[in-house]
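Here is the structure we will look at.
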Amino acid sequence: MYILSVLSESATGGTRYTAIIIWIVILVVFMFVFMIRPQRKERQKKEDMMSKMDVGDTVCTTSGFYGTLIDVEDDVVIVEFGNNRNCRIPMQRSAIAQIEKAEDAIEE
């Protein structure tokens, strides 16, 4: 802010507008680096996770339920909840928050 006030006091009209444009550019770059870029990375990470979903994986839904994938289709997955194997619920892929691969669960 100090730089902007010094430039506006000592500069002519054209330089004052240049300083304002420079500050606007700095703010846009700041917003990109600290807001938009991390959001893009998170979205790409989720898309990669969704593409690697396979039958038998343990998943956690956005509502906090854990289950096992029984069937994976385009936009719908069928998740089996509980030990009695009677509760099979179709849900959207976007409702999956986390995936634990079947071979990872066996190693532990």
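Bear in mind the structure is a predicted one, so any value in this text is a computation, not a measurement.
- Between the side chain of Asp48 and the main chain of Lys45, no donor-acceptor pair closer than 3.5 Å is present.
- Hydrophobic clustering (ILVMFWY, side-chain heavy atoms < 4.5 Å, transitive): Phe34 and Val29 are in one cluster.
- Linking ILVMFWY side-chain heavy atoms closer than 4.5 Å, directly or via other members, places Ile78 and Ile99 in two distinct hydrophobic clusters.
- A 6.0 Å sphere centred on CE of Met49 holds more than 12 heavy atoms belonging to other residues, nucleotides or ligands.
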Run the side-chain contact (heavy atoms from CB on, under 4.5 Å) test on Phe81 and Thr61 for me, step by step, so that the C-alpha distance in whole Å, both residues' side-chain angles and the decisive distance to 0.1 Å come before the verdict. CA-CA 11 Å; Phe81 297 102; Thr61 63; 4.2 Å; yes
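- A side-chain donor-acceptor contact under 3.5 Å links Arg93 to the backbone of Met50.
- In this structure, the side chains of Met91 and Ile96 come closer than 4.5 Å at one or more pairs of heavy atoms.
- Counting all heavy atoms, side chain and backbone alike, Ile70 lies closest to Val55 at O-CG1, 3.4 Å.
- Under a hydrophobic clustering in which Ile, Leu, Val, Met, Phe, Trp and Tyr are joined whenever their side-chain heavy atoms come within less than 4.5 Å, directly or via other members, Ile21 and Trp23 fall into different clusters.
- No chain of hydrophobic side-chain contacts below 4.5 Å, direct or via other Ile, Leu, Val, Met, Phe, Trp or Tyr residues, connects Leu69 to Tyr66.
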Go through the steps for Val79 and Arg88 under the test side-chain contact (heavy atoms from CB on, under 4.5 Å), then give the verdict. CA-CA 6 Å; Val79 182; Arg88 294 181 177 185; over 6 Å; no
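- Residues Lys52 and Asp57 are not in side-chain contact: their nearest non-hydrogen atoms beyond the backbone lie 4.5 Å or more apart.
- Between Lys41 and Gln44, every side-chain heavy-atom pair lies at or beyond the 4.5 Å cut-off.
- Note: Thr15 OG1 to Ile20 CD1 = 11.0 Å, rounded to the nearest 0.5 Å.
- Here the CZ atom belonging to Arg40 is positioned 13.0 Å from the CE atom belonging to Met35, to the nearest 0.5 angstrom.
- The CD atom of Gln92 sits 7.5 Å away from atom CG of Asp75, with the distance rounded to the nearest 0.5 Å.
- Within the model, atoms NZ of Lys101 and OG1 of Thr58 stand 10.5 Å from one another, a figure rounded to the nearest 0.5 Å.
- In this structure, Val59 is not a member of the same hydrophobic cluster as Val76, with clusters built from ILVMFWY side-chain heavy atoms closer than 4.5 Å.
- Here the straight-line distance linking atom CD of Gln39 with atom CZ of Arg37 works out to 13.5 Å at 0.5 Å rounding.
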